[in-house]
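Encoded as structure tokens, the structure appears first; notes follow it.
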Amino acid sequence: MTTGPRVLLYSDDPTVREQVRLAVGPRLRAGAAEISWTEVATRDRLVATVEGRPFDLLILDGEADKAGGMGLCRQLKNEVYNCPPVLVLTGRGQDAWLASWSLADSVVPRPLDAFVVQRAVAETLTQAA
């Protein structure tokens, strides 16, 4: 049995997490293995989970309260050995330069477009493979 991609999704907003999961769907394409989703809502849980388990992709909400995904992305890229690729959800298209500063591998601006989210996830996972 083929194991699908392991994706960690961080946002303090359950609606954002649901939007991302629905946009991506259960698989990257027809016939592919199912994606294994892990969801976290706090900075501390994110860091502990990334350090404790292997992931193929991290999706971080740049607009999360208290600990935004861009700052966390930079922290993880600098502190976690072999940090997986990171896709950051930004507040707007103009924030792409901030995502670049954060060392994000890819960026999706709000409002979240299901096709853009799905394509970004698929491309980021493909580039990492």
Side-chain angles (χ1 to χ4, degrees):
M1 183 170 126
T2 306
T3 304
R6 299 158 299 189
V7 179
L8 185 143
L9 175 56
Y10 163 73
S11 179
D12 64 328
D13 185 342
T15 304
V16 170
R17 295 193 309 265
E18 181 180 33
Q19 286 177 334
V20 171
R21 278 187 292 98
L22 289 174
V24 175
R27 299 172 169 78
L28 291 177
R29 64 191 163 286
E34 280 198 28
I35 297 170
S36 173
W37 292 97
T38 301
E39 296 183 32
V40 295
T42 66
R43 177 212 171 279
D44 291 342
R45 193 78 183 126
L46 170 69
V47 172
T49 304
V50 169
E51 290 176 344
R53 295 180 23 210
F55 289 97
D56 300 302
L57 176 66
L58 310 178
I59 301 175
L60 308 180
D61 183 356
E63 300 300 305
D65 284 340
K66 297 184 183 176
M70 286 189 263
L72 288 170
C73 176
R74 188 166 179 93
Q75 176 186 348
L76 293 170
K77 288 288 190 169
N78 285 321
E79 295 177 5
V80 174
Y81 179 72
N82 283 335
C83 184
V86 179
L87 183 153
V88 174
L89 309 173
T90 63
R92 54 198 179 136
Q94 300 91 314
D95 292 338
W97 70 272
L98 277 172
S100 174
W101 165 86
S102 75
L103 306 175
D105 297 278
S106 55
V107 179
V108 173
R110 282 188 173 80
L112 297 178
D113 176 306
F115 294 111
V116 173
V117 172
Q118 201 284 334
R119 183 175 45 239
V121 168
E123 288 175 358
T124 306
L125 283 166
T126 300
Q127 291 171 359

Checking the side chain of [X] only, and the main-chain atoms of [Y] only, is there a donor and an acceptor separated by less than 3.5 Å?
X	Y	value
D61	Y10	no
E63	L89	no
D12	A41	no

For a 4.5 angstrom cut-off between non-hydrogen side-chain atoms, does [X] reach [Y]?
X	Y	answer
V121	L57	yes
V86	L103	no
P54	R6	yes
C83	K77	yes
F55	V7	no
R43	Q75	yes
D56	P84	no

Rounded to the nearest 0.5 Å, what separates atom [atom1] in [X] from atom [atom2] in [Y]?
X	Y	atom1	atom2	answer
E18	E39	CD	CD	9.0 Å
R27	I35	CZ	CD1	9.5 Å
L72	E79	CG	CD	10.0 Å

Taking [Y] as the starting point, is it possible to reach [X] by hopping between hydrophobic residues whose side chains are less than 4.5 Å apart?
X	Y	value
L125	L58	no
L46	V88	yes
W37	V108	yes
V80	V40	yes
M70	L87	no

To check you understand the geometry: which heavy-atom pair defines the closest contact between [X] and [Y], and what is its length?
X	Y	answer
T15	D13	N-OD1, 2.8 Å
A23	A114	CB-CA, 3.6 Å
C73	S102	SG-O, 3.2 Å
P85	T124	CB-CG2, 3.7 Å
L28	P5	CD1-CG, 4.0 Å

(Q) Using the rule given for side chain to side chain contact (heavy atoms under 4.5 Å, CB included), can you reason through L8 versus I59, listing the C-alpha separation, both sets of side-chain angles and the distance that settles it, and then say yes or no? (A) CA-CA 6 Å; L8 185 143; I59 301 175; over 6 Å; no
Q. Is the shortest distance from a Lys or Arg side-chain nitrogen in K66 or D44 to a carboxylate oxygen in the other one below 4.0 Å?
A. no
**Q.** SB check R119 D113 (cutoff 4.0 Å)
**A.**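 No, this pair does not count.
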Q: Test side chain to side chain contact (heavy atoms under 4.5 Å, CB included) on R21 and L9 and set out the steps.
A: CA-CA 9 Å; R21 278 187 292 98; L9 175 56; 4.1 Å; yes
(Q) Does either side chain, that of R53 or that of T38, offer a donor lying less than 3.5 Å from an acceptor on the other one? (A)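 Result is yes, a qualifying pair exists.
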